[in-house]
Protein chains: 2
Amino acid sequence: MHLQDRWKLIIDELNPDRVTSVDELTARLGVSPATIRRDLNELHELGHLLRVRGGAMRIEGKHFTAKAEPKTPEFQTDSLIGQSSFLASTIVNAPVKRAIARAALDFLKPGISMIIDGGSTTYTMANMMANEPYHVLTTSIPILQCLLDRSKVKVTLPGGELFREQRIILNPYEDGMLQNFSAAKMFIGCQALTRNGLMQSDTLLVQSERRLMERADQVIVLADSSKIDAPASLSVCPLTAIDVVITDEGLSDAAREWLEHAGIEVRIAQVTAEDRKASEVV
Amino acid sequence: MHLQDRWKLIIDELNPDRVTSVDELTARLGVSPATIRRDLNELHELGHLLRVRGGAMRIEGKHFTAKAEPKTPEFQTDSLIGQSSFLASTIVNAPVKRAIARAALDFLKPGISMIIDGGSTTYTMANMMANEPYHVLTTSIPILQCLLDRSKVKVTLPGGELFREQRIILNPYEDGMLQNFSAAKMFIGCQALTRNGLMQSDTLLVQSERRLMERADQVIVLADSSKIDAPASLSVCPLTAIDVVITDEGLSDAAREWLEHAGIEVRIAQVTAEDRKASEVV
DNA sequence: TAAGAATCAATCACATTCGATCATCAATCG
DNA sequence: CGATTGATGATCGAATGTGATTGATTCTTA
């Protein structure tokens with residue numbers, strides 16, 4: 001039996017809703033545990049399965065029987081802003097989002113004040129945030145909830161109307177709260193990031209975010225590489241308004257070039273084993 | 001059994017409304033309490049559940065699993081009780097509160113705009129509220145969450161700072177949002193109701209409520225009879241500012257006398273069998 | 001307030017799993 | 001035919017998960 005055939009068998013053999021153990025695969029394929037482990041590690045490296053201690057798990061949403069090609073990151077409809085529900089979006093690309101969120105946390109120092117916009121990546125960030133004396137202004141209800149148990153974090157909300165779909169608060173009026181708030185940093189997700197700038201799909205959101213950006217000294221965009229040059233309609237701001245972009249290894253050289261040419265600091269977040277682990281449960 | 005399998009089972013086993021104990025999980029999964037504790041701590045660290053003493057709870061908005069209903073994450077009506085365990089414990093007198101809350105609902109008409117202040121009785125009221133085209137301004141996070149799934153209810157929040165203890169938003173500044181809001185009715189709880197007026201215990205709360213009351217045409221106080229003439233320190237407003245008091249049968253004749261003498265309409269809510277039954281579930 | 005019960009974190013011992021290394025074997029190529 | 005390459009299997013020390021014990025902490029109840 002050849003390596004590729006075995007790989008195919010392994011992937012077929014994986015159970016969709018539980019861990020398939022090394023022993024199980026050993027028995028099923030008639031090869032040694034060492035070989036199975038090697039296979040699993042390689043397949044994991046290629047992104048075809050999720051390696052865990054004792055075995056492997058099928059990756060959610062990957063059902064292929066044919067031998068798959070090395071990955072170009074597929075276009076993922078993320079964006080809690082769009083029609084996809086918030087929760088659904090949190091599970092797409094979760095390891096990458098975690099990595100990006102973690103990289104974003106490097107920008108935090110105790111005592112800092114920041115604006116955190118709504119979105120699945122920023123939500124992940126809030127989730128991972130330490131309990132330090134930060135001051136956070138957010139429009140997102142999920143982030144608010146998440147920060148409820150960080151006793152040291154001071155949370156401020158802008159006034160406004162609740163939008164259920166996106167679970168955010170948007171303020172149609174100029175807001176006293178906002179006028180008094182000045183943030184060192186603003187963390188923002190997006191639907192797309194193109195040469196034309198930061199893109200969203202919702203008009204109200206665009207207005208709100210523009211207003212928020214005015215209150216921040218430094219704008220930090222959290223966007224996984226599938227967002228770069230993704231199709232989108234409404235521009236929130238030009239590239240010049242952005243200070244930092246945090247993305248993942250999938251960023252193309254070309255894209256990096258035009259980002260840096262616009263004076264943007266580009267940070268590449270490394271996906272660690274823990275990031276994957278944390279996403280397994282979903 | 002593998003770690004990830006166990007994690008999945010644990011999360012499936014969790015309930016948003018109550019704490020699932022370590023013992024319960026131990027029995028269900030057939031592993032030692034030590035392992036369960038380790039798992040719970042890790043899952044908490046990863047943000048997948050809420051660790052509490054004796055067990056864990058499902059985090060609201062994370063109830064998607066293998067069997068997940070993919071789209072519209074319906075928030076359950078009484079979910080936040082589970083989420084904010086403090087509320088569960090503070091809802092004493094629940095049947096009476098339900099009765100009072102139900103009586104308060106009589107004041108609602110579709111299209112009405114109202115202010116709902118924070119508090120356990122007003123929270124009960126929000127919980128029982130129908131899904132009609134109301135417009136609600138509230139400072140209370142639990143009420144906000146509760147109204148998330150009333151699709152027809154328009155919810156507005158004042159800007160301000162989050163106070164964890166009370167789960168409310170207080171606005172130290174004059175707020176643009178508030179200036180533009182005008183409510184037909186305001187529903188408010190209290191710590192005590194005396195001849196000196198509506199009493200609270202918290203200075204910040206007093207300020208905020210005063211400001212809110214200015215924006216409402218009619219002030220409706222929800223206070224069970226134990227609050228009448230109860231000891232309290234800070235006066236929010238004199239009796240003259242109050243239009244209606246809803247209380248229960250325990251109201252003394254004397255108290256009723258001085259309330260009505262102040263021009264206040266007094267309503268007595270009848271506790272039904274269903275109120276008692278509904279309260280047991282919590 | 002104090003005693004008792006429940007829960008917890010830390011730690012140890014044991015079992016499983018892992019990764020690195022090396023020897024073997026088969027296929028390929030000069 | 002012999003040498004080289006690459007895959008496989010075995011071995012072993014290291015790392016990790018698990019269960020039990022213990023002493024500390026927190027909650028409850030009297």
Side-chain angles (χ1 to χ4, degrees), chain A residues 1-11 13-15 18-58 67 70 130-131 149 151 271-281, chain B residues 1-11 13-15 18-58 81-82 84-92 165 282:
Chain A
M1 177 179 336
H2 280 98
L3 191 134
Q4 317 294 343
D5 300 323
R6 204 174 51 232
W7 283 10
K8 220 163 99 176
L9 283 178
I10 288 177
I11 290 176
E13 209 63 47
L14 285 187
N15 199 302
R18 71 179 176 83
V19 173
T20 307
S21 70
V22 172
D23 287 343
E24 216 167 323
L25 291 168
T26 302
R28 210 78 64 107
L29 302 185
V31 292
S32 75
T35 302
I36 295 292
R37 290 204 179 89
R38 264 190 287 259
D39 288 340
L40 293 185
N41 289 344
E42 293 186 58
L43 286 168
H44 173 82
E45 208 57 43
L46 293 172
H48 290 162
L49 51 73
L50 196 63
R51 182 76 163 101
V52 300
R53 187 179 172 83
M57 290 172 70
R58 185 180 286 254
K67 171 189 158 220
N131 186 13
D149 63 352
S151 58
V271 180
T272 68
E274 201 215 335
D275 292 327
R276 297 205 181 85
K277 192 171 168 188
S279 316
E280 284 162 16
V281 164
Chain B
M1 163 151 17
H2 296 271
L3 185 106
Q4 280 72 20
D5 291 334
R6 210 171 48 231
W7 284 10
K8 266 187 190 177
L9 287 176
I10 287 177
I11 290 186
E13 210 65 45
L14 289 187
N15 197 301
R18 64 169 230 283
V19 174
T20 306
S21 72
V22 172
D23 287 342
E24 216 171 327
L25 291 169
T26 302
R28 202 78 63 116
L29 302 185
V31 293
S32 75
T35 301
I36 294 292
R37 291 206 177 87
R38 267 188 285 255
D39 287 340
L40 294 185
N41 289 342
E42 286 190 63
L43 286 169
H44 173 77
E45 205 61 39
L46 295 172
H48 285 124
L49 51 73
L50 189 65
R51 182 78 162 99
V52 299
R53 187 178 172 82
M57 285 170 50
R58 175 168 292 182
I81 297 243
S84 42
S85 49
F86 83 103
L87 260 180
S89 56
T90 41
I91 295 201
V92 291
E165 297 280 315
V282 173

Review point. Residues in salt bridge (Lys or Arg N to Asp or Glu O under 4.0 Å) with Glu42(A), at least two apart?
Key: none
Practice item. Please list, chain by chain and in numerical order, all residues satisfying salt bridge (Lys or Arg N to Asp or Glu O under 4.0 Å) with Arg53(B), sequence neighbours excluded. Key: none
Review point. Given Ile11(B) and His48(B), is the side chain to side chain contact (heavy atoms under 4.5 Å, CB included) satisfied, shown in steps?
Key: CA-CA 8 Å; Ile11(B) 290 186; His48(B) 285 124; 3.8 Å; yes
Practice item. Kindly calculate the angle separating the two end axes of the helix from dT1(C)-dA30(D) to dG30(C)-dC1(D), each obtained from five base pairs, and round it to 10 degrees. Key: 30°
Between [atom2] of [N] and [atom1] of [X], the distance in whole Å:
X	N	atom1	atom2	answer
Ile36(A)	dA10(D)	CD1	C1'	16 Å
Asp39(B)	dT7(C)	CG	C1'	17 Å
Leu40(A)	dA7(D)	CG	C1'	16 Å
Gln4(B)	dT18(D)	CD	P	9 Å
Arg6(B)	dT16(D)	CZ	C1'	12 Å
Glu24(B)	dA6(C)	CD	P	16 Å
Leu3(A)	dA27(C)	CG	P	15 Å

Exercise for review: Drop me the distance from Ile10(A)'s CD1 to Leu29(A)'s CG, to the nearest 0.5 angstrom.
Suggested key: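 Going from the CD1 atom of Ile10(A) to the CG atom of Leu29(A) covers 5.5 Å.
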Point to revise | Between CG on residue Leu14(B) and CG on residue Leu25(B), distance to nearest 0.5 Å | key: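 If we round to the nearest 0.5 Å, Leu14(B):CG and Leu25(B):CG are 6.5 Å apart.
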Check your understanding: When you measure from the side chain of His44(A) to the backbone N and O of Leu50(A), does any donor-acceptor pair fall under 3.5 Å?
Key ->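 Absent.
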Exercise for review: Enumerate the residue pairs fulfilling salt bridge (Lys or Arg N to Asp or Glu O under 4.0 Å) with a member in residues 29-41 of chain A, sequence neighbours excluded, ordered by first and then second residue.
Suggested key: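 Listed once each, the pairs are Arg6(A)-Asp39(A).
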Point to revise | Derivation and outcome, side chain to side chain contact (heavy atoms under 4.5 Å, CB included), residues Leu46(B) and Trp7(B) | key: CA-CA 12 Å; Leu46(B) 295 172; Trp7(B) 284 10; 3.9 Å; yes
Review point. So, is Thr35(B) close to the dG19(D) phosphate, meaning a side-chain N or O under 4.0 Å from OP1 or OP2?
Key: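 Checking Thr35(B) against dG19(D): at least one side-chain N or O falls below 4.0 Å of OP1 or OP2.
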Exercise for review: Please identify each residue that fulfils side-chain contact (heavy atoms from CB on, under 4.5 Å) with His2(B), with sequence neighbours left out.
Suggested key: Val19(A), Ser21(A), Asp5(B)
Practice item. Summarise protein proximity over nucleotides 10-19 of chain C in one line of letters, 5' to 3': B for base, S for sugar-phosphate only, - for none, counting protein heavy atoms closer than 4.0 Å. Key: -B----BBSS
